[in-house]
Every structure is written in structure tokens, then in C-alpha cells.
Amino acid sequence: MSQPAIQLGPNFIRNIVDEDLASGKHKSVVTRFPPEPNGYLHIGHAKSICINFGLASHYQGRCHLRFDDTNPVKEEQEYIDAIKTDLRWLGFDWGEHEYHASDYFATLYGYAEKLVEKGLAYVCDLSPAEMREYRGTLTEPGKNSPYRSRNIEENLDLLRRMRAGEFADGSRVLRARIDMASPNLNLRDPILYRILRATHPRTGDAWCIYPMYDFAHGQSDSLEKITHSLCTLEFQDHRPLYDWLCEALEIYHPQQIEFARLNLTYTIMSKRRLLELVNEKHVSGWDDPRMPTLSGMRRRGFPAVAIRTFCERIGVGKSDSVIDMGTLEDCVREELNSVVPRAMGVLRPLKVTITNYPEGQAEEFTVPCHPKDPSMGTRTIPFSREIYVDRDDFMEDPPKKFFRLGPGREVRLRYGYIIRCDEVIKDPASGEVTELRCSYDQETGGGALPEGRKKVKGIIHWVSAAHAVPVEVHLYDRLFSVANPAGEKERDYRELLNGDSLEVLSQALVEPGLADAAPGSSFQFERLGYFTVDSKDSQPGELVFNRSVTLRDTWAKLTVK
RNA sequence: AGGGGCGUCGCCAAGCGGUAAGGCACUGGAUUUUGAUUCCAGCAUUCACAGGUUCGAUCCCUGUCGCCCCUGCCA
């Protein structure tokens, strides 16, 4: 696998790295992407991935994949596997450099003993409630734990017995001895190790004590000789602890740099909440096409390149931001537009009979697969007396500027004839339009325009009734009904879900050439948008198409106004 | 005795003392057998605000205001 061309623009992290390289602090760059395997990767992770791998490739360095697996109660092998799948799909390669914090458990434990021996850590017996009380508040200093003055021998003995499994879960912890009066709460004797009897996906029951994030992350960075440890803004307050531990342990000291996490309008990025959406069945799974997960987007039909382009475009900064979903959609359209073949599909069919076209007759039009890329070749589409058009392309009482079908109006069938609507048939009971009876101009086949004939403005897509393939189409809309669900403090985010985020169309029809479309393959249904064959719900002969994204639609914009 | 960050066009974002890049969005117009694509044009006399330093400040200093993060034995 080769590194994708990720071209991140200038940013503050690059400036720092440039200085480090210029000053000789570093000769090369080593970064890492450190997910906790407690859920699936989402577009926010993609930003981090692109920054870490992108920075490494920009400086011809390397980027490690490291699982931050220090909390066995939340982590699962399923997630480890899914993360690797998504990472590869995105186009990144970590080579031999796959690591797990759990690989370092023995070393980390050794570090803990070292800290105790230096008098910089102690075993504390305070209960969680007491711990909270002793910690103080944002404005008041904490107070020293009564166990803070235990001597080194006792601490070492206790730590070893913690590891040996002599004490109950939660009964004791190992703490760093720093400063209970620090204005930075992270420095008020933070917990380094907790007793936890849980089976770890990789180390099983080998350990009953597990290191906390702060005692694993920086140490893992150090062991891997990471030069620049990039993380999100909320870890800024942890940096002093990161630095303190590297100094106290006298180990290689990477530099932690924080950047703003990604937020996207109309969705959420919290793994905890995404898990809830899955568990509470608000969505069909982590890979539901409405989810902001990479697996969801892949299934929806978003190309990996589009996601990488998106990450390049949004840049890297330190200010909290919420990026418009339109930016992502534009990246998706841009990629799909250039690489995907065209096809015709009718979402909500309305029967049209061409009254002057001979019964039983049929013909085929040979048309390009792509309007601008001849290398994509041609395809044939059948035409006959009965066709289907989309209901949206007919209006009984059309407004100004509507140049599709209406009583007495002419339109061009894309790649076919010009037809005129002569008669509108309705269901006598409901008044619903059930059929259009039209006549065609046989001089206009395949786009021909006889001398002197006026050009028609409207061109609509269609499908031959006898030849069309019935399919199911899933239309997706934003998952949430408000732009920034995470910013809504008053209401539970579940109340903000968009009840109409999924629309299932079971009567859709596509041109016969799509009958054997492969799962995951994408097409542009002309005038409608990009559609991708669902890789999970499709059966042979029963295709399900996911609408990946619509086309830009200036008409829709006008009608809203 | 609170601390740590951030404020440049509707949304992102370059800029690092010499007079506001770029993308998305939006608005025109051209081409078009997709109301798509493509193309061309327009879109911040101004950088949260107020002072100060300077020949000159978005960039330096001071103050004010606004927003985000931190009181898990989560990461």
C-alpha cells in the first residue's frame, strides 16, 4: 500500500515541526494515531489520522498506529479490527508499526515502581468519594491524602500486592506525588494505576491493575520515540502532567501539541453518544449510512478520497469550530462527479404512454457513460411505448420557470425523443395522477433537432417500463434537525434527532444495465444525485441503492424561496 | 487561589511589523441533451473591542468583552 497524497496546507503544527527540524532538535518526524478501541472510527478521527499520517509523510517520517487500550471494560476486539479496516480503507499504511499500550504493561509497571522508589508516587487508600473531597474544587486547593506520607518501602510493598491481586477492585490506587494545591487539577496527585479485574481483549486476565491514560499515553509515546504527540484541545491541561512524568521517569520526552477537534453541522462526534444511538436502535448500527462513522460513510458511498480532500480543506487550528456539512458534501460530489458512470433511475415512477409509438416496438439508444470522459465508454438504453418518469417532473399547474412536464408541455427525454403531454389520467376516486399520455416527435430521436424546431428547455430522465429493473432506494437526510446538536445544552440530543433522516422508496426503477451492479459501486442517477449499491442489504436481484449525496439543485433552491 | 485555551468574510482558514491568500457557501453571467459539470465575474478599506509602542500593527504591549475546556479509580 502506498501513502496517499495528503496535502495539508501550512498550519501551526508544521511551523513547530519546521523549527524543530531547523534547530536540530529533531532529525526526523515520528507521529502516531492512538485510538482507544472502544468504538468505531468517525470523521473526527479521520481529521486526526490525516494530520498524523499527513505530517509524517510531508516530512518523510513515519506514523504509528497505537491502540490506547488501557481500559478493558470498554474495549473490544471487534473495535480493534474495525479500526484497522477503516484505516486501510481511508488509504493509510502503518507498515510494521502497529503497537498497543497493553504491549507496554510490564514496562509501565516498572515505571511505577521506579516512581515509588524515587518517592514520587504513593499508594492511596482513599475511597472515590473521599478522593473527590480531598481534591478540592476549581477555585479551592485540595488537601493532602493521609496516605501521602507513607514511606517508600510500604508503598513498594503495597504496589506489589496490588499487582498480585491481594486487594479488592477500587480499594487502593497508585498516585503521583505532585501538588494538591496546584491550580491545575491534573496535577493534584493524579491517579496512575487502579485495581480493576476485567478481562482485557489482548492481555486477558494477566493484570488486575491497569494504568490510567496519563500514565500510559506519554510513556507509550516515549517508548516509540514519537517526536510530536498530537492530540485534541481538551488535553491541554494534561500537558504539564505529561511533561512532569517524562521528567520524573527520566525518559525520552516527546512534545505534545494540541489542535481543535472536528465538529460537523447536523451530527455529533461523541463516541459515547454514537454508541447510544446504536444500542438504543436509533440507527441500524455503527455503519448506518447516516452515521458520521467511516464505516457509515463508506456504506453511504462517500469515497475515501473525498474524506481525505475534506481533511485537507478544513485545515488545522486551535479555535473551536463547526464545519458546514456542505463542505464535506462538496468533496464527495467533486470526486464522484469525475469518476462515476451515469445512469438513469426513477425514484417515484409515473407512467407515461407514448400514444403514437407503435405497440410492441422497442429501440435502443447508445449513450455515453460520462458526459465529459469518453474513456468511460458507452452503454445502451432501451426505449419503448411505455416509460416511467419521476413524479417530480410533472406538475398539473406548473409555476413560472418550471420547465418540465405539464399539460400541453414539451420536454426532451434525456438521450431520447421530445415528447408532448397530451392528456393527464387521474384516479377518479382520489384524483391522483396515474398516467400521462404523450406523443413523441420521431424526428428528435437521440437528441436530434430538426431544422427550425425550437429547442426545448426541459430535459428529464426516464426508464423503459418493460425493461426497467425494480430496486429499493434509501434517501438520507441529516441525522439531526439542528445545526449544532452538541451545543444544545437544554435538551437531550436524542430529542434533536431528525425523524425523517431515512426515506425508503420501494418502487424505484433503474435502467437494465444496472441489474448486476456490484455492492459498493456508485452511479450518478442523472439529475438526481449519486447512488451507491448498499453492501449489506442488497441481494442478488434485489438491489438497494443508498443516495450518497444529491446533485446541486438550483431549481430546488428557487422553489424554497 | 482558580487554571488552561481561543476570537481574521455566513462556515473553515493563510498571515508572524510594510498596508487582508485560498476553499466552502452565496450572487451575477457564458457554455451545456443532467436546472449537473465546466468557465468567467463579484463577495473583509478591514482582522472581538479600547488604549499604548512604532514612520507604519491583524501581527508587539496593556486592559476589557465573548466563547470553549478542566473538580472520572474514562480516553
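Lettering of chains follows the sequences in order, A, B, ..., and the numbering in each one begins at 1.
Contact annotation: side chain of A/D237 to base of B/rG3, donor-acceptor pair present below 3.5 Å. Residue side chain A/R342 reaches the base of B/rU34 through a donor-acceptor N/O pair under 3.5 Å, judged by distance alone.
Contact annotation for A/I323: backbone-only contact, meaning every heavy-atom pair under 4.0 Å involves sugar-phosphate atoms and none involves a base. Note on A/K318: only backbone sugar-phosphate atoms sit closer than 4.0 angstrom, heavy atoms only; bases stay farther off. Across all strands, A/I314 comes closer than 4.0 Å only to sugar-phosphate atoms, never to a base (heavy-atom distances).
For B/rA50 and B/rC43, the P atoms lie 26 Å apart once the distance is rounded to whole Å. Here the separation of B/rG23 from B/rU31, taken at their C1' atoms, is 24 Å to the nearest Å. Atom name C1', nucleotides B/rC67 and B/rC61: the rounded distance is 24 Å, in whole Å. Going from the P atom of B/rA14 to that of B/rC6 covers 13 Å, rounded to whole Å. Of the P atoms belonging to B/rA44 and B/rG52, the separation is 29 Å, rounded to the nearest Å. Distance check on atom P: B/rC40 versus B/rU46 gives 29 Å, rounded to whole Å. Distance noted for atom C1' between B/rU54 and B/rU58: 16 Å (whole Å). Between B/rA20 and B/rA13, the two C1' atoms lie 13 Å apart (nearest whole Å).
Rounded to an integer number of Å, the gap from CG of A/L233 to P of B/rG5 is 10 Å. The distance from atom CG of A/L241 to atom P of B/rC70 is 16 Å, rounded to the nearest whole Å. Put simply, CG on A/D553 is 11 Å from P on B/rC26, counting in whole angstrom units. In this structure, the CD atom of A/E140 is 9 Å from the C1' atom of B/rA1, given to the nearest Å. Atom C1' of nucleotide B/rC12 and atom CE of A/M325 are separated by 15 Å, given to the nearest angstrom.
Although no hydrogens or angles enter the test, the distance criterion places a donor-acceptor pair under 3.5 Å between the side chain of A/D103 and the main chain of A/H100. Side-chain atoms of A/K47 come within 3.5 Å of backbone atoms of A/A260 as a donor-acceptor pair (strictly under, hydrogens ignored). Formation of a donor-acceptor pair under 3.5 Å by the A/R188 side chain with backbone atoms of A/R135 is found in this model.
In this structure, A/Q442 places its CD atom where only 12 or fewer heavy-atom neighbours from other residues, nucleotides or ligands lie under 6.0 Å away. More than 12 heavy atoms of other residues, nucleotides or ligands sit less than 6.0 Å from atom CZ of A/R14.
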Would you check, one step at a time, whether the test ring-ring contact (aromatic ring centres under 6.0 Å, His included) holds for A/F545 with A/F525?
-> CA-CA 11 Å; A/F545 280 89; A/F525 289 180; 5.2 Å; yes

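For A/F33 and A/F67, the ring centers sit 6.0 Å or farther from each other. When ring centroids are compared, A/H238 and A/Y242 stay outside the 6.0 Å threshold.
Relative to the ring axis of A/Y99, A/R32 does not place its NZ or CZ within 45° and under 6.0 Å from the centre. Taking the ring centre of A/F167 as origin, the terminal cationic atom of A/R172 falls inside the region bounded by 6.0 Å and 45° from the ring axis.
Note on ring orientation: taking the six-membered ring where Trp is involved, the planes of A/Y109 and A/W207 are tilted (angle from 30° to 60°). Using the six-membered ring where Trp is involved, A/Y40 and A/W286 have ring planes that are parallel, under 30° apart on the 30 and 60° scheme.
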Report, one pair per line, the protein and nucleotides 15-21 of chain B atoms (nitrogen or oxygen only) whose separation is under 3.5 Å.
{"from": "B/rC16", "atom 1": "N4", "to": "A/N15", "atom 2": "ND2", "distance (Å)": "2.8"}

Return the polar atom pairs (N/O with N/O) between nucleotides 72-75 of chain B and the protein under 3.5 Å, or none.
{"from": "B/rG72", "atom 1": "OP2", "to": "A/R135", "atom 2": "NH2", "distance (Å)": "2.9"}
{"from": "B/rC73", "atom 1": "OP2", "to": "A/R135", "atom 2": "NH1", "distance (Å)": "3.2"}
{"from": "B/rC73", "atom 1": "N3", "to": "A/G170", "atom 2": "O", "distance (Å)": "3.1"}
{"from": "B/rC73", "atom 1": "N4", "to": "A/L126", "atom 2": "O", "distance (Å)": "3.0"}
{"from": "B/rC73", "atom 1": "N4", "to": "A/G170", "atom 2": "O", "distance (Å)": "2.9"}
{"from": "B/rC74", "atom 1": "OP2", "to": "A/R194", "atom 2": "NE", "distance (Å)": "3.2"}
{"from": "B/rC74", "atom 1": "OP2", "to": "A/R194", "atom 2": "NH2", "distance (Å)": "2.9"}
{"from": "B/rC74", "atom 1": "O3'", "to": "A/R194", "atom 2": "NH2", "distance (Å)": "3.3"}
{"from": "B/rC74", "atom 1": "O2'", "to": "A/N71", "atom 2": "ND2", "distance (Å)": "2.9"}
{"from": "B/rA75", "atom 1": "OP1", "to": "A/T70", "atom 2": "OG1", "distance (Å)": "2.7"}
{"from": "B/rA75", "atom 1": "OP1", "to": "A/R194", "atom 2": "NH1", "distance (Å)": "3.3"}
{"from": "B/rA75", "atom 1": "OP1", "to": "A/R194", "atom 2": "NH2", "distance (Å)": "3.1"}
{"from": "B/rA75", "atom 1": "OP2", "to": "A/Y213", "atom 2": "N", "distance (Å)": "2.9"}
{"from": "B/rA75", "atom 1": "O3'", "to": "A/D68", "atom 2": "OD2", "distance (Å)": "3.4"}
{"from": "B/rA75", "atom 1": "N6", "to": "A/H238", "atom 2": "NE2", "distance (Å)": "3.1"}

Each base of RNA chain B marked ( ) or [ ] if paired in-strand (Watson-Crick or G-U under 3.5 Å), | if paired to another strand and . if unpaired gives .(((((((.[[[..)..(...]]].(((((.......))))).....[[[[[..)....]]]]])))))).....

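Taking syn as a glycosidic angle within 90° of 0, B/rG72 qualifies as syn.
Each of A/E334 and A/G416 was matched to the nucleotide of RNA chain B holding its nearest heavy atom; the match closer to the 5' end belongs to A/E334.
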